[in-house]
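This report concerns only the one structure given below.
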Number of protein chains: 2
Amino acid sequence: MSGTAAGTRPARPAGAAPAGADPLAAALRPVRSGNTFEETVQRVLQLIRLGLVREGERLPPERELAERLQVSRVTLREALKVLQDAGRLEIRRGRYGGAFVRQAEQDAPSGDGAELRRRAELLGDRLEDTLLFREVLEVGAAELCAVRDTGGEEERRLRDCLAATAAAGLADYRSQDTRLHLAIAELSGSVSVAAQYAAVRSTVNELLDCIPLLPPNLEHSERQHTELVAAILGGEPDRARAVMREHLAGTAALLRGFLA
Amino acid sequence: MSGTAAGTRPARPAGAAPAGADPLAAALRPVRSGNTFEETVQRVLQLIRLGLVREGERLPPERELAERLQVSRVTLREALKVLQDAGRLEIRRGRYGGAFVRQAEQDAPSGDGAELRRRAELLGDRLEDTLLFREVLEVGAAELCAVRDTGGEEERRLRDCLAATAAAGLADYRSQDTRLHLAIAELSGSVSVAAQYAAVRSTVNELLDCIPLLPPNLEHSERQHTELVAAILGGEPDRARAVMREHLAGTAALLRGFLA
DNA sequence: TTTCATTGGTACAAGGCTATACCTTTGGCT
DNA sequence: AGCCAAAGGTATAGCCTTGTACCAATGAAA
């Protein structure tokens, strides 16, 4: 028999790893990660975690949201219902009604890292994956951005985001920081980069929301943001990449520190 | 009314872009890109396009494939049926049977780029996105790889892949090249990077299969592969990144050239 | 005060996907 | 020659998801 790429001949020793792992592993992954309902819940949560729709603001109307997510309104409503029951949304009827974001109640506002550890454990192996993937995306995006960026409109958007982070208070900082990074991901010119970054950043924010944001960290971060934007607008890809990497290393170290 | 993140007030001038695009665009994308059946077809095609299961070889048994893709066997079978009807698979019953990969018949073996243009048009805007995303992933993976890689087993895998590409003939080259790049993506340490790369590379291969592979290109590519692996194993992230970028630029230029 | 556009709430039928169980074919091995 | 394990082929009941149509509430504007 000539062809037998994946043939598990009569019996393969179950214990010994095939040395080189499964060559098909990269492609043979779940086509869907859960049912539509679950994924829809995560998508809506993503909007909130990224700070794209903030406390007190409302989501787009059900019909619009359902169409943009390519999901039936029924399924979307189930997702919204769950988030309402979880206290993350307040749903009001009638014109000028809608789904309004409510503050996530923090059971333990302390920075002892108990909640962080719980969520990190939930991620398991995917924590390291998330941090690495994030680095690849953001460093790559920063570099592309520095090479591409020329349009005046794009420059303005970056400057606006930077100004917003600089002006932001402690409560608002994570949100503005996310927007700045997301802007860079989008200005990379690749929709895929932006979309993947949104997903990954959502996970990161979920963790970051468990630890306190200190003014010194914030100031340090702001200096890096300034340099990053300068490098991008100045067309210095190498510098942009270096600054971005260092910037991310700070966050990663912070997380790892609290988890250690 | 205070909260109105996405509120399209009574009537927004439909023509003028909101200057800064839709801030929710990155997160509000389709939850699913087609039905399970379609995505399953693409996944199986991916295995073939990546050369992970080559001509004459067979796919894993239906039951195993269905479980790994997290899809019901019924749906998987529908996908296989389509590929069988399309002449890409030959399905044989009985023990030692299975779904065997058949050679894709090339309607026009010429390198005139007609077929390439047709497929590129099908991709539309996503072509540029694909090339950019690929660059971000691969350059990032190469760098991570050079930083991380230490284990003897990993070193051996890279060397094996390199040797295989060097020994490969024209017919086999694309397959071996893909495996080498996929190995680098996997050795980056991030499952996400590897998975996304597999998807993107599958798209790229679909295009590359439309244009002829010339010995000069092959030789040039091989020299770069050698240098790339050397940089990775030597722990030189900057060099690894630079070589990878140049390597990819070659492919991109080739494609753009045929499309121009 | 009345109107009415907008937005959430509900109902129902059709199609897609899954889980499970069982049948059929094939070819190496005894 | 017959056995039988592994692989594809088939059938059915049930849940998930969708599309469509219509109802109900709300509050700004006339």
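We use all heavy atoms of the structure for the numbers below, so side chains are in, but hydrogens, waters and symmetry mates are not. To find a chain, count down the sequence lines: A is the first, B the second, and so on, and within it residues start at 1.
Only B/Thr36, B/Phe37, listed by number, bring a heavy atom of residues 36-45 of chain B to less than 4.0 angstrom from any atom of DNA chain C. Residues from residues 71-84 of chain B with heavy atoms under 4.0 angstrom of DNA chain C, sorted by number: B/Val71, B/Ser72, B/Val74, B/Thr75.
Proximity of a side-chain donor or acceptor of A/Glu57 to a complementary backbone N or O of A/Arg54 within less than 3.5 Å is detected.
The side chain to side chain contact (heavy atoms under 4.5 Å, CB included) search around B/Glu206 returns B/Arg49, B/Arg119, not counting sequence neighbours. Residues forming a side chain to side chain donor-acceptor pair (under 3.5 Å) with A/Gln84 (at least two apart in sequence, or on another chain): none. With sequence neighbours excluded, no residue forms a salt bridge (Lys or Arg N to Asp or Glu O under 4.0 Å) with B/Asp125. Legend: residues meeting side chain to side chain contact (heavy atoms under 4.5 Å, CB included) with A/Arg73, ordered by chain and number and at least two apart, are A/Glu62, A/Arg63, A/Ala66, A/Arg77. Shown here are the salt bridge (Lys or Arg N to Asp or Glu O under 4.0 Å) partners of B/Glu90, two or more places apart in sequence or in another chain: B/Arg92. With sequence neighbours excluded, the residues satisfying side chain to side chain contact (heavy atoms under 4.5 Å, CB included) with A/Val101 are A/Ile48, A/Val53, A/Leu59, A/Leu89.
Here D/dT18 presents its C1' atom at 15 Å from CG of A/Leu69, a figure rounded to the nearest Å. In this structure, A/Glu67 places its CD atom 10 Å from P of D/dG19, rounding to the nearest Å. The distance from atom CG of B/Leu65 to atom P of D/dA6 is 18 Å, rounded to the nearest whole Å. A straight line from CG of B/Asn35 to C1' of D/dG19 spans 15 Å, rounded to a whole angstrom. Straight-line distance from the CG atom of B/Leu89 to the P atom of D/dG8: 11 Å, rounded to whole Å. As rounded to whole Å, 7 Å separates atom P of D/dT17 from atom CZ of B/Arg32.
Residue pairs meeting the ring pair (Phe, Tyr, Trp, His ring centres under 6.0 Å) criterion with at least one member in residues 39-59 of chain A: none, sequence neighbours excluded. Residue pairs meeting the ring pair (Phe, Tyr, Trp, His ring centres under 6.0 Å) criterion with at least one member in residues 22-62 of chain A: none, sequence neighbours excluded.
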| query | Tell me, for nucleotides 23-30 of chain D in 5' to 3' order, what letter each nucleotide earns: B for a base near a protein heavy atom under 4.0 Å, S for only sugar-phosphate near one, - for neither? | reply | -BBB-S--

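B/Glu155 and B/Arg159 are joined by a salt bridge, as a carboxylate oxygen and a charged side-chain nitrogen come within less than 4.0 angstrom of each other. Looking at A/Asp22 and B/Arg68, a side-chain N of the basic residue comes within less than 4.0 Å of a carboxylate O on the acidic one, giving a salt bridge.
Which of C/dG8, D/dG9, C/dT7 sits closest to the side chain of A/Arg58 comes down to C/dT7.
Taken over five-pair windows at either terminus, the axes of the helix from C/dT1-D/dA30 to C/dT30-D/dA1 are inclined to one another by 0° (rounded to 10 degrees).
Side-chain N/O atoms of B/Thr178 and B/Ser175 include no donor and acceptor closer than 3.5 Å. With hydrogens and angles left out, the side-chain atoms of A/Asp177 and A/Thr165 include no donor and acceptor closer than 3.5 Å.
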